[in-house]
J.: 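Sharing a structure below in structure tokens format, with a few things to ask.
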Amino acid sequence: MEERERKSAKSDIKETVASGCSRAPPVPEHEAAAGSKAGDDDADKTDVCSDNFDPLLALYSPTVPLPFPNIKGFNNVAAYESFMKGGRGRAKPENVEKRRRKAMKGVADPERIERLKKLIVNNPVTGKGESSSGGSARRERQKPQKNVLTRMPLCTGSPLGELYRCVQERIRVKVHIRTFKGLRGVCSGFVVAFDKFWNMAMVDVDETYREPLLGEAFYHEKALTISRLFEKLKLQENPGGDEPAKTHEAQETAGEHRQPANPKSAPKNPTGERGDGGTDSKLSDAVGVKRDKRRVSLKAQGPEACPRRDSQTYGRVHTRHINQLFIRGENVLLVNPQPL
Amino acid sequence: MESERTESPAPVAEVFNSIRERAIAENSMVVLLQGLQGEVTTVDLRNESTARGRVVNVDAFMNVRLEDVLYRDRWGKLTKLQDMFITGRNVRYVHIPDHVDIMKTIESQLAKIHRVRNFASHGGGRKEYAKKTK
């Protein structure tokens, strides 16, 4: 406390010096006059705590007795002020304000709470945290929110809208899955959600697919269609059916392939025509292929030791059930809602 | 936020690094896959191989990072891998675990994105990557 008094006295000294600059010339005379007097007068004049304290003398005298040892000296008033504030930065008015605000940061400011309460839409009694989300939710809702779920009903009138109808009415759909060239298989299930890329989330999926052919088999392959796919599956499951039945079916599938009714065969025509030109040769070829397969399977049926290995080591058709499946839209060939 | 963290044994960083990615994800089904982060799933690839492992991270382009993976190639050969990255384009299927509710997962992921966006706008600017996507 006493130190502070002394320092405030020093600040007073500064002010008096500023005002008393004009008195500089008379100082040497004053000092000379003082020098003639007794020394204790001098000491009295430079003693801060005395009544006869002469600040100008104290400033210019070489030895000033400090009443209190170990005191902190400052160069100017501002340094003293900032020391009193207790911080490290200079005590500019803006710094002071910033520091005060920072100190008050966590404390609930009633004025701010009032401001935020005005933004609340529904619940006026909730605190500051709720109000912030309430206010911004109101701003968000002003323009309608668009996300994958809201976009689903938006596409009515388009093929995706038809798919949305299947989602709503829980219609079972068959999704044809593609391999790099042609059909891989079929996923039959219910669509839960989809997006504009035809990525689909499906449940209760039965997938029937064929392993891709490689090499020579691929080169000679007849384009896989849905009917052919299920044919092959049936053939795999029951090796060695009746001969007339098989040829009859072979003729039917070949006939179907000719018709453009199957929407998939339309893009397949160029590849279909690649092998042979005439339809007759195609028909006989198809029959021939079927007969070969049947012959192979009959042969396999004979020796029980290796029942299935010889019949079809490549391009086998598989079926599996998956409860919940996500399909990337890139792999979707077409979607076929099944009539109820 | 703490309760959401307990479902995966190893905490994963789910921060979107750009607004663009967040927007792409929000408008597509990738959010469903992002909701699967931390689950063990099977990813069927375009090349007829499958990878079964725990999903670490899925980004907006469906690139998937898996860990503790059992990779079965198209010929059926099994390989164990610790870490695997699959390009989004190579994904054909993602098997969703039975216990996952599809609609709920999508809705919760969208809510997270929504919360992050509002937090960022109202809280007064970026707060040094304190995005609450977890």
Side-chain angles (χ1 to χ4, degrees), chain A residues 116 119 128-129 131-141 145-152 154 167 175 177-180 184-185 187 190-205 207 209-214 318 320-332, chain B residues 22-36 39 41-48 55 58 61-62 64 74-76 86-115 117-124:
Chain A
L116 289 171
L119 293 173
K128 191 167 67 137
S131 68
S132 61
S133 59
S136 51
R138 192 185 64 169
R139 275 200 304 261
E140 268 298 313
R141 252 180 262 132
Q145 203 189 26
K146 277 192 148 186
N147 58 41
V148 60
L149 293 177
T150 60
R151 281 182 202 271
M152 273 172 36
L154 282 180
V167 171
V175 181
I177 303 291
R178 61 177 289 234
T179 172
F180 63 94
R184 179 175 182 263
C187 287
F190 299 97
V191 182
V192 174
F194 64 90
D195 66 2
K196 65 178 179 183
F197 304 109
W198 292 78
N199 294 331
M200 297 162 63
M202 295 178 69
V203 293
D204 191 21
V205 180
E207 192 192 6
Y209 61 98
R210 187 185 72 174
E211 292 168 6
L213 301 184
L214 307 161
H318 298 275
R320 58 180 177 170
H321 178 81
I322 304 156
N323 284 331
Q324 297 191 111
L325 188 70
F326 174 89
I327 306 177
R328 189 177 156 97
E330 196 187 352
N331 300 293
V332 170
Chain B
R22 207 188 306 144
I24 293 173
E26 186 191 23
N27 287 314
S28 80
M29 291 283 285
V30 162
V31 294
L32 171 61
L33 299 184
Q34 280 163 350
L36 295 180
E39 308 277 349
T41 49
T42 305
V43 180
D44 289 7
L45 274 64
R46 251 188 349 182
N47 62 358
E48 313 282 334
V55 177
V58 178
F61 307 104
M62 224 186 275
V64 182
R74 61 193 302 165
W75 292 280
I86 303 172
T87 309
R89 285 212 65 205
N90 283 314
V91 170
R92 183 183 271 142
Y93 299 136
V94 176
H95 295 239
I96 300 177
D98 291 344
H99 61 85
V100 167
D101 186 317
I102 293 176
M103 285 311 262
K104 275 216 193 83
T105 313
I106 297 178
E107 280 162 9
S108 71
Q109 280 295 120
L110 290 172
K112 273 185 204 161
I113 292 178
H114 189 66
R115 214 184 353 185
R117 188 177 300 127
N118 287 344
F119 183 78
S121 68
H122 190 81

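Computed over heavy atoms, backbone and side chain alike; hydrogens, waters and symmetry mates excluded. Bear in mind the structure is a predicted one, so any value in this text is a computation, not a measurement. Every chain is numbered from 1 and lettered A, B, ... according to where its sequence line falls, protein lines coming before strand lines.
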J.: Would you check if B/Glu39 and B/Val55 make a side-chain contact, meaning some heavy-atom pair closer than 4.5 Å?
T.: no
J.: Please answer whether the main-chain N or O of A/Val205 pairs with a side-chain N or O of A/His321 as donor and acceptor at a distance below 3.5 Å.
T.: yes
J.: If we ignore hydrogens and angles and just use 3.5 Å, is the side chain of B/Gln34 paired with the main-chain N or O of B/Gln109 as donor and acceptor?
T.: no
J.: Side chain from CB out, backbone as N, CA, C, O: work out which of these in B/Asp44 comes under 4.5 Å of a heavy atom of chain A, or both, or neither.
T.: side chain
J.: Is the side chain of A/Asp195 donor-acceptor paired with the backbone N or O of A/Val148 at a distance under 3.5 Å, no angle test?
T.: no
J.: Using non-hydrogen atoms and a 4.5 Å limit, figure out which bit of A/Tyr209 sits close to chain B: side chain, backbone, both or neither.
T.: neither
J.: Under 4.5 Å, counting heavy-atom pairs only, tell me which of A/Glu211, A/Lys196, A/Arg151 racks up the most with chain B.
T.: A/Arg151
J.: I'd like to check the side chain to side chain donor-acceptor pair (under 3.5 Å) partners of A/Asn331; sequence neighbours left out, ordered by chain and number.
T.: none
J.: Among all residues two or more places apart in sequence or in another chain, which pass the side chain to side chain donor-acceptor pair (under 3.5 Å) test with A/Arg178?
T.: none
J.: Which is it for B/Ile102 and B/Leu32 under the side chain to side chain contact (heavy atoms under 4.5 Å, CB included) test, yes or no, and what are the steps along the way?
T.: CA-CA 7 Å; B/Ile102 293 176; B/Leu32 171 61; 3.9 Å; yes
J.: Where the side chain of B/Arg89 meets the backbone of A/Glu330, is there a donor-acceptor pair that is under 3.5 Å apart?
T.: no
J.: So for B/Val94, is it side chain, backbone, both, or neither that comes closer than 4.5 Å to the heavy atoms of chain A?
T.: both
J.: Quick check on the interface: out of B/His95, B/Arg92, B/Met62, who has the most heavy-atom pairs with chain A under 4.5 Å?
T.: B/Arg92
J.: Chain A: which of B/Thr41, B/Leu33, B/Val43 shares the most heavy-atom pairs with it under 4.5 Å?
T.: B/Leu33
J.: Tell me, out of A/Leu325, A/Thr179, A/Val192, who's got the most heavy-atom pairs with chain B below 4.5 Å.
T.: A/Leu325
J.: Name the region of A/Ile327, side chain, backbone, both or neither, that has any atom closer than 4.5 Å to a heavy atom of chain B.
T.: both
J.: Given a strict heavy-atom distance threshold of 4.5 Å, which part of A/Val203 is in contact with chain B: side chain, backbone, both, or neither?
T.: side chain
J.: Name the region of B/Glu48, side chain, backbone, both or neither, that has any atom closer than 4.5 Å to a heavy atom of chain A.
T.: side chain
J.: Determine the option with the most heavy-atom pairs under 4.5 angstrom with chain A, choosing from B/Thr42, B/Val30, B/Asp98, B/Ile106.
T.: B/Asp98
J.: Using non-hydrogen atoms only, which part of B/Arg46 is less than 4.5 Å away from chain A: side chain, backbone, both, or neither?
T.: side chain
